[in-house]
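Only one structure is covered here, and it is reproduced in the block below.
To find a chain, count down the sequence lines: A is the first, B the second, and so on, and within it residues start at 1.
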Protein chains: 2
Amino acid sequence: MHAEPPVRSGRAKRLPRAVRERQIMDAAVDVFSRLGFHAASMDEISEVAGISKPMLYAYLGSKEELFATCIRREANRLMEAIADGVEADQPPDVQLWSGLRAFFGFVAGNRASWQVLHRQALTQGGPFARELVDLRGRAIDLVAALLVHSAEFPNVPRAGDREAESLAAALVGAGESLADWWLDHPDEPAGVVAARLMNLVWMGFGDLVAGNVWHPPSRRTAAP
Amino acid sequence: MHAEPPVRSGRAKRLPRAVRERQIMDAAVDVFSRLGFHAASMDEISEVAGISKPMLYAYLGSKEELFATCIRREANRLMEAIADGVEADQPPDVQLWSGLRAFFGFVAGNRASWQVLHRQALTQGGPFARELVDLRGRAIDLVAALLVHSAEFPNVPRAGDREAESLAAALVGAGESLADWWLDHPDEPAGVVAARLMNLVWMGFGDLVAGNVWHPPSRRTAAP
DNA sequence: AGGTGAACCTACTGACGAGTAGGTAGCTTG
DNA sequence: CAAGCTACCTACTCGTCAGTAGGTTCACCT
């Protein structure tokens, strides 16, 4: 009935500030992702972090500042994961494929991060949505650059860049949404979800209903 | 929306219960969409509705019940709009196109409804997300049925239904997401957004970068 | 007319949560 | 070993908001 290490009784162990800040941020992402910004209380975050409430305010400022800091940190981690995952010296479809795999891989390993980034940041207006818009902008730029290099868009000769950006926005949106849907269907493996989106956006329904499927260059057939 | 005598002074005019309930629901959707579930207060909803707080409780029960009722009502309105919009006796691509147009048309005319449905319902856990899952399920069934009728999926002969459902889920997700993105870019007309998604999901990047574009049967060229 | 009940109100309670004041323990350097 | 800084705490204030108790007007029906 007692003697558990995680019990939060009495004074917490003294730790250097940087370490505590990390712990607090981790706890905050966890609580924000489960409860949402408004329903999450600083009391609960401090409890999960294993310290008292005044420490939150001493280290991370107000609730709003804490939330914004969480969003920024997670956004950077996500973009880093994608940038690391893309195989830049490959043909366009393989680049897209590797980017999608990196993206869904990150979400698989960091569901709380994605939850707080996508769902929570969106619903809180003001400066929070800004962070998300910025993240999305960076992702769109990445995809748009890929598309620009992969074709000339002969039918829209003067608007190649704008055209690419529109398509990139749609793709990024589809990725966000599919990841979101995935939160509610956690049984599916990341590769399957990524392959599904790859097929949809690269081949299109028109090809798929005709039996034409995209699959990665040197692996087994993709099974969406 | 409704024009309201903005001055809320003294006693409200006596109205039959059904009419008041409609007014309250309209006000609730408006406030929930702007502020989110938690930040929205029953006081503000009652003020927007033009009545006092006890009336809310008398007619619609608790805050949670009111929110759930809003979600259900708006979900039904949306599905009705789509079902009415689809031209069932047309070929698959035209059916998809008409469905997309109906969907984005609804969102254009009912931004608050979509906001409360998609963003707010998602972020509040529990029974609210259920409603949204249910809505999405109905939409997916609709699209999946369309796909099943449009091809045999020769490469996945035994799993035609599951395959179609997966693709339908991805498409519905893409639609949700694009509508969401659209909330932040209200300058684009509905037809353009719908055409963009149509091209993406029917043709695929693979075709689009090669210059192949889908366009509706008897109109001018689609301009995504 | 006058009774009856539905529609409406003001004004409260009680809980909860953001943020703070003021104080205690432990490391670290003279 | 003291001085001093930093990590840490308990215990409050104060505002906000869900939900309610109890009273007031008005429309309709006999």
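Side chain of B:Ser52, nearest nucleotide from D:dC8, C:dT10, C:dA7: C:dT10.
The main-chain N or O of B:Glu65 is found under 3.5 Å from a side-chain atom of B:Thr69 such that the two form a donor-acceptor pair. The closest donor-acceptor contact from the side chain of B:Asp30 to the backbone of B:Asp26 lies at 3.5 Å or more, if one exists at all.
Not counting sequence neighbours, B:Gln95 has no partner by the side chain to side chain donor-acceptor pair (under 3.5 Å) test. Applying the ring pair (Phe, Tyr, Trp, His ring centres under 6.0 Å) test to B:Phe67 and every residue at least two apart in sequence or in another chain returns B:Phe32, B:Phe37, B:Phe128. Partners of B:Phe104 by ring pair (Phe, Tyr, Trp, His ring centres under 6.0 Å), not counting sequence neighbours, listed by chain and number: B:Trp182.
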**OP:** Verify salt bridge (charged side-chain N to carboxylate O under 4.0 Å, His left out) between A:Arg34 and A:Glu44, making sure each step is shown before the conclusion.
**Re:** CA-CA 11 Å; A:Arg34 288 197 334 259; A:Glu44 173 148 8; 2.9 Å; yes
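Between A:Leu96 and A:Asp93, every side-chain heavy-atom pair lies at or beyond the 4.5 Å cut-off.
Residue-level contact check: B:Pro54 touches the bases, meaning some heavy atom is under 4.0 Å from a base atom.
A:Arg77 has a carboxylate O that lies under 4.0 Å from a charged side-chain N of A:Glu74, or vice versa, which qualifies the two as a salt bridge. For the pair B:Asp134 and B:Arg138, the salt-bridge criterion is met [side-chain N within less than 4.0 Å of a carboxylate O].
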Polar atom pairs between nucleotides 1-4 of chain D and protein, under 3.5 Å, N or O only, would you list them?
none

Give every pair of a protein N or O atom and an N or O atom of nucleotides 12-18 of chain D that lie under 3.5 Å apart, one pair per line with the distance.
from, atom 1, to, atom 2, distance (Å)
D:dA18, OP1, B:Ala40, O, 3.2
D:dA18, OP1, B:Lys63, NZ, 2.9
D:dA18, OP2, B:Met42, N, 2.9
D:dA18, N7, B:Lys53, NZ, 3.4

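Neither side chain, B:Ser33 nor B:Gln115, offers a donor N or O lying under 3.5 Å from an acceptor on the other.
Taken from CD in A:Gln124 to CD in A:Glu131, the straight-line distance is 13.5 Å, to the nearest 0.5 Å.
For the pair A:Leu66 CG and C:dA18 P, the computed distance is 11 Å after rounding to whole Å. Straight-line distance from the NZ atom of B:Lys13 to the C1' atom of C:dA6: 16 Å, rounded to whole Å. If you measure from atom CD of B:Glu47 to atom P of C:dC8, you get 17 Å, rounded to the nearest angstrom. Distance CE (A:Met55) to P (D:dT10): 12 Å, rounded to an integer number of Å. Whole-Å rounding puts the A:Glu65 CD to C:dG19 P distance at 9 Å. In this structure, A:Leu56 places its CG atom 14 Å from P of C:dG17, rounding to the nearest Å. Regarding A:Ile45, its CD1 atom lies at a distance of 8 Å from the P atom of C:dA18, rounded to whole Å. Between B:Leu15 atom CG and D:dC26 atom C1' there is a gap of 12 Å when expressed in whole angstrom units.
Considering only side-chain N and O atoms, B:Arg20 lies under 4.0 angstrom from the phosphate OP1 or OP2 of C:dC8.
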Original post:
Could you write nucleotides 24-30 of chain C as a row of B, S and -, 5' to 3', where a protein heavy atom under 4.0 Å of any base atom gives B, of only sugar-phosphate atoms gives S, and otherwise -?
Top reply: BBB----
